[in-house]
Amino acid sequence: MVEQSPYASLYENDPVYQMAVKQLRESASILGLSDDVVEALRHPEKLVQVKITVRRDNGKLETFLGWRSQHNSALGPYKGGIRYAETVTPGEVVALSMWMTWKCSLAGIPYGGGKGGVRVNPKTLSPRELEELSRKYFAAIAREVGPDVDIPAPDVNTNPQIMGWYYDEYSKIAGFHAWGVVTAKPVELGGLGVRVISTGYGTALSAREAAKRLFGGLEGRTVAVHGFGNVGIYTAKYLAEWGATVVAVSDSKGYVYNPRGINVEKAIEIKEKTGMVTDYREGDVKISSNHMELLELPVDILVPAAIENVITRENVNRIKAKLVVEGANGPTTPEAEKTLHEKGVVVVPDILANAGGVTMSWIEWSHNRMGCFLTEEEALSRLDKIMTINFNKVYDEWRKKYSIYPMRVAAYAIAVDRVVKAMKLRGWI
Ligand code: GLU
């Protein structure tokens with residue numbers, strides 16, 4: 001159903017937003033939530049748009065638009081990343097902030113959901129221009145964020161260096177060392193080194209737990225990973241380390257496939273060196289320039305770890321994997337998910353599968369605030385415990401109560417219920 005109103009807001013006609021609302025509505029009807037509660041949940045509490053004017057190295061001014069969406073704060077300060085991409089829209093940012101609300105709730109961490117984005121292709125900026133854009137964006141939203149208010153982090157095309165600039169910019173404006181205002185900071189600025197690997201590591205943990213339930217383990221299972229950025233790289237790395245055979249990886253330039261297995265360490269090395277994983281040339285490897293074809297390879301486990309909307313009505317009938325683990329946010333449309341479910345394919349939903357990043361963010365943030373020190377081993381083993389418990393809790397709830405629906409419904413049942421209870425306890429609804 002398309003959300004239409006005569007006064008459609010900045011985001012209501014956006015397809016990604018409509019997908020997030022559809023997921024919410026479908027779960028709400030199964031859970032018996034009334035329409036007025038859904039109405040209260042489908043809008044962000046606040047959406048700010050800012051203008052960022054940067055002086056390019058050639059002397060000309062260029063103006064970019066950015067947004068921060070604060071979806072729900074019933075459980076705590078808003079939490080969620082900031083992405084830089086030419087395709088960013090306010091609707092996408094609002095949808096992603098809604099998914100963060102469910103993700104944090106499901107993970108059991110004391111945060112609400114937020115997300116930010118700037119419409120820019122960061123690859124076209126020089127390092128100096130990128131720093132100017134980042135500092136100006138954060139200064140523009142400085143009144144909206146804070147260690148107890150809204151805590152950004154990286155997302156697509158942003159990284160610890162950019163978090164360092166945000167932290168510095170905010171600290172100067174606020175007049176104190178605001179370690180808690182962003183997470184995934186560089187280690188020297190209060191970050192945890194393992195935060196960078198955590199989303200991928202957590203996605204691999206979810207795949208490991210799902211594989212135990214479905215196939216008796218990862219050993220000998222074939223995996224294709226769509227997207228070779230921060231999430232895809234570490235998912236592939238750990239799945240290979242834990243006994244699976246990673247047969248295909250891709251980036252925006254195409255994919256590489258070897259049914260006998262890809263040397264993931266080598267692929268990472270190539271990606272770092274040339275920027276293109278398709279430069280990988282070990283053994284009998286097939287290279288294609290169409291990364292979307294990777295999704296249709298004959299594998300046991302498929303990890304979409306790039307962007308939203310890649311498994312759709314159009315290609316769903318060609319998907320051969322038995323298990324899909326969503327490393328990206330929103331890679332499967334609700335129609336496609338329904339078809340996969342009918343065919344017996346298990347989809348581990350994004351709000352469960354890729355919660356490793358935000359969970360490690362919470363570990364970093366709470367230690368910043370206590371002024372404590374934590375070793376990387378301690379942090380990773382804590383993440384392993386949390387993700388393993390959460391996966392199995394959702395899986396059991398699904399098998400017990402919701403098995404006629406996709407697994408996402410069980411995840412939403414737990415996540416939305418907790419948010420609605422908090423809203424009721426606060427007297428908001
Ligand atoms: N951007 C990540 C996500 O989508 C992490 C957010 C965070 O650490 O706050 O979950």
Side-chain angles (χ1 to χ4, degrees), residues 16 20 67-73 75-85 88 92-118 138 141 145-160 162-163 166-167 179-186 190-192 194-203 205-206 227 229-232 234-235 304-308 325-331 348-368 379 383 386-387 390 411 415:
V16 183
W67 296 271
R68 181 77 184 165
S69 168
Q70 301 178 327
H71 175 256
N72 188 290
S73 58
L75 291 171
Y78 309 102
K79 185 84 191 81
I82 292 168
R83 61 172 57 183
Y84 291 173
V88 165
E92 179 191 34
V93 172
V94 172
L96 287 158
S97 71
M98 191 191 303
W99 287 329
M100 286 310 299
T101 300
W102 314 139
K103 195 185 297 187
C104 294
S105 170
L106 187 63
I109 52 181
Y111 293 136
K115 199 73 151 206
V118 180
F138 215 68
I141 62 165
V145 298
D148 288 308
V149 182
D150 184 354
I151 309 140
D155 200 83
V156 174
N157 290 331
T158 50
N159 58 30
I162 295 175
M163 299 308 114
Y166 290 165
Y167 157 74
W179 284 294
V181 73
V182 280
T183 55
K185 299 177 291 295
L192 279 175
V194 287
R195 171 61 184 81
V196 173
I197 67 169
S198 294
T199 312
Y201 186 77
T203 305
L205 288 171
S206 304
N230 185 251
V231 183
Y234 294 108
T235 307
I307 45 163
E308 54 264 22
V325 183
E326 295 187 330
N329 292 311
V348 182
D350 47 8
I351 59 167
L352 178 63
N354 71 29
V358 74
T359 304
M360 190 60 86
S361 277
W362 166 69
I363 295 173
E364 175 182 327
W365 178 83
S366 49
H367 279 74
N368 284 157
L383 181 65
I386 296 173
M387 297 275 310
N390 285 346

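Residues take their numbers from the sequence shown, with the count starting at 1. Just so it is clear, the structure is predicted and the values come from calculations on it, not from any experiment. Note: hydrogens, waters and symmetry copies are ignored here, and every other heavy atom, side chains too, is used. In each ligand, atom 1 is the first atom listed, and ligand 1 is the first ligand listed.
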What is the distance from atom [atom1] of [X] to atom [atom2] of [Y], rounded to the nearest 0.5 Å?
X    : Y    : atom1 : atom2 : result
Y78  : T101 : OH    : OG1   : 9.0 Å
K79  : W365 : NZ    : CH2   : 9.5 Å
M387 : M360 : CE    : CE    : 10.5 Å

Is R83 in contact with ligand 1, taking contact as a heavy-atom separation below 4.0 Å?
-> no
Is the shortest distance from a heavy atom of M360 to ligand 1 less than 4.0 Å?
->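 It does not; every heavy atom stays at 4.0 Å or beyond.
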Taking the side chain as C-beta and beyond, is there a heavy-atom pair between [X] and [Y] under 4.5 Å?
X    : Y    : value
W102 : H71  : yes
N354 : N329 : yes
V182 : P152 : yes
V181 : P147 : yes

At less than 4.0 angstrom from any non-hydrogen atom of [X], what atoms of ligand 1 do you find?
X    : value
K79  : 7 (C), 8 (O), 9 (O)
M100 : 3 (C), 4 (O), 6 (C), 10 (O)
V358 : 7 (C), 8 (O), 9 (O)
G357 : 8 (O)
G80  : 9 (O)

For P154, is at least one N or O under 3.5 Å away from an N or O on ligand 1?
->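 Checking ligand 1 against P154, an N or O pair does fall under 3.5 Å apart.
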Give yes if a backbone or side-chain nitrogen or oxygen of N354 is under 3.5 Å from a nitrogen or oxygen of ligand 1, and no if not.
->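 No, N354 has no N/O under 3.5 Å of an N/O on ligand 1.
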What protein heavy atom sits nearest [atom], and how far off is it?
atom                    : value
atom 10 (O) of ligand 1 : K103 NZ, 2.7 Å
atom 8 (O) of ligand 1  : S361 OG, 2.6 Å
atom 4 (O) of ligand 1  : K115 NZ, 3.0 Å
atom 6 (C) of ligand 1  : G81 N, 3.7 Å
atom 7 (C) of ligand 1  : A153 CB, 3.3 Å

Measure the acute angle between the ring planes of W179 and Y167, then classify it against the limits of 30° and 60° as parallel, tilted or perpendicular.
->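 W179 and Y167: parallel rings.
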Mind telling me whether F138 and Y166 have parallel, tilted or perpendicular rings, with 30° and 60° as the class edges?
-> parallel
How does R195 reach ligand 1, by side chain, by backbone, by both or by neither, if only non-hydrogen atoms under 4.0 Å count?
-> side chain
Is it the side chain, the backbone, both or neither of N329 that has a heavy atom closer than 4.0 Å to ligand 1?
->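 The part of N329 near ligand 1 is the side chain, not the backbone.
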Heavy-atom closest pair, residues A107 and I386 =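 Looking at all heavy atoms of both residues, the shortest contact is O-CG2, 4.4 Å.
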